[in-house]
There are 2 protein chains.
Amino acid sequence: MQQSVYSSPLKTACSACNLRELCLPIELSGSEMTRLDALVTRKTAYRRGANLYRCGEKFHSLYAIRSGFFKTQVLHEDGREQVTGFQMAGEIIGMDAISSDIHTCDAVALEDSEVCEIPFARLEELSREIPALQRHLHRILSREIVRDQGIMLLLGSMHAEERLAAFLLNLSQRFAARGYSPTAFQLRMTRQEIGSYLGLKLETVSRTLSQFQLRGLIRIQNKSLQFLDIAGLQALIKPH
Amino acid sequence: MQQSVYSSPLKTACSACNLRELCLPIELSGSEMTRLDALVTRKTAYRRGANLYRCGEKFHSLYAIRSGFFKTQVLHEDGREQVTGFQMAGEIIGMDAISSDIHTCDAVALEDSEVCEIPFARLEELSREIPALQRHLHRILSREIVRDQGIMLLLGSMHAEERLAAFLLNLSQRFAARGYSPTAFQLRMTRQEIGSYLGLKLETVSRTLSQFQLRGLIRIQNKSLQFLDIAGLQALIKPH
DNA sequence: CGCTTTATTGATCCTCATCAAGGCGGGTGG
DNA sequence: CCACCCGCCTTGATGAGGATCAATAAAGCG
């Protein structure tokens, strides 16, 4: 079930710029690899709080997160804001902008981060010549659709407790896939940001986390989180 | 605002199989057009209630809806089901399956419908040779991402009334874009399906629609819907 | 024409939002 | 180095929006 809500298969790094998402599953010849690397040249650092891009800006490139942590959010004119995702190392960000050539959300670094820029026009060009790359690009785009639909399901049919459990387990999985401990890590985002992502208020997030701790499922103090009973958390999601 | 939640720009039909989504914005030469048409051969009819595809089936093709109306839904093992979208003539369906080569949701006809099958491998092939087609395919995939994020926003931060108003206005827009009346049409789906899509229970949908009618915003009787005050509905979405 | 599915409406309950107060922590400037 | 401040978090009390349960009505379908 967790799998179906958030799929984040394990990936290994590739040469230029650990593009886990972009590179692994495809087998490229040496020269193809070189051409892909040539495409992904610039590496840029972003300090905590800095914007990778803003809503309304012209679209040029996708970005592969080399290290760090980002959030994407949509700002409503009436003040509401909604966090649409959290992205970590090895993930690709910016795909929403392809459709209109304009970024439709803000991307903000939640810690000091590094990204590789992937000029999209050149990626398209290259993927015309390398079918395996083309195929992979399509998979990445499609995976984003599946991921979003998982969140729709979460927002549309789960209670606060279930949402939070699913969220924590998803983070855990993604950290594990990157070789970090799946049972203890720092949350990079605030309660308010978690709430916005999950369609809850920050007080509800805080209360629910306290509940989980009380029941011996996790240990949480500020941003440091430790899992004590993963099966217990998983059990929270299943029934109804 | 409506625009940002659901974008469905007007499109005109193309030859083989009114593939509004697939064809319009790109300019193809005669021979390119012929090749695209050759790709999209089969037309199949589906009766109301029939499945276009089911969750778990192997992925082969995207489908362009030629006429009719579909819903896509995810079925939870614990019985919960969530409608993830409603698709009408001219829209492309099945893109979620690209990532894993397996369909991740069911697609069900809500009225007698016809679709054109687009074998995806051949579409990829052709789009390698026709850059304009490639570009367009990417836009379609990205548009789906944007659409889903709009729904996330709706589910995560709107009240029942706002959700329903946004939903009705979106339908109106899409009918208008296809040359039908934007102010009067038949709902193809049940209250239960609307509710599932919007993260509400069917009783809430029914009550809220009655409310709208009471306030003179719409006229609704069973499935036939008429808009009386579009501006009033739009106003419901904006403030908070 | 009867049966089943779908829709409406009411009464009640429960989850989560809201409002409010206080605590912790980390960064800054004196 | 300490004091202060500000952002972030926790916890409580209360209330509202929507879920749930239930009964009836209406419509679609064979």
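All chains are named by letter (A, B, ...) in the order of the sequence lines, taking the proteins before the strands, and each is independently numbered beginning at 1. The structure presented is a predicted model; accordingly, all values stated were derived computationally and were not measured.
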A/Ser172 side chain near A/Arg174 side chain, heavy-atom distance below 4.5 Å: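 The answer is no; the side chains never approach within 4.5 Å.
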
pair A/Val108-A/Tyr46: side-chain heavy atoms closer than 4.5 Å: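 The answer is no, as the side chains (C-beta and beyond) never meet within the 4.5 Å cut-off.
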
Sugar-phosphate only, base, or nothing, as touched by A/Leu202 at under 4.0 Å among non-hydrogen atoms: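 It contacts base atoms.
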
Sugar-phosphate, base or nothing in reach of A/Gly195, heavy atoms under 4.0 Å: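 Result for A/Gly195 = nothing.
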
Closer than 4.0 Å, any side-chain N/O of [X] to the OP1 or OP2 of [N]?
X	N	result
B/Arg207	C/dT8	no
A/Lys201	C/dT18	yes
B/Ser206	C/dA7	no
B/Arg191	C/dA7	yes
A/Ser210	D/dT11	yes

Aromatic ring pairing A/Phe175/A/Tyr180, orientation class (parallel under 30°, perpendicular over 60°, tilted between):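 Plane angle over 60°, so perpendicular.
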
Whole-Å distance separating the CD atom of B/Glu161 from the C1' atom of D/dA16: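 After rounding, the reported distance stands at 14 Å.
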
Among C/dA7, C/dC16, C/dG25, the one nearest A/Gln221 by side-chain distance: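 The answer is C/dG25.
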
Check: B/Phe120 ring centroid to B/Phe59 ring centroid under 6.0 Å: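 Centroid separation for B/Phe120 and B/Phe59: below 6.0 Å.
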
Most 5' of A/Glu203 and B/Met189 on DNA chain C, judged by nearest nucleotide: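 Nearer the 5' end of the strand: B/Met189.
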
A/Val205 or B/Asn222, whichever maps to the more 5' nucleotide of DNA chain D: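 Checking each residue's closest nucleotide, the 5'-ward one belongs to A/Val205.
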
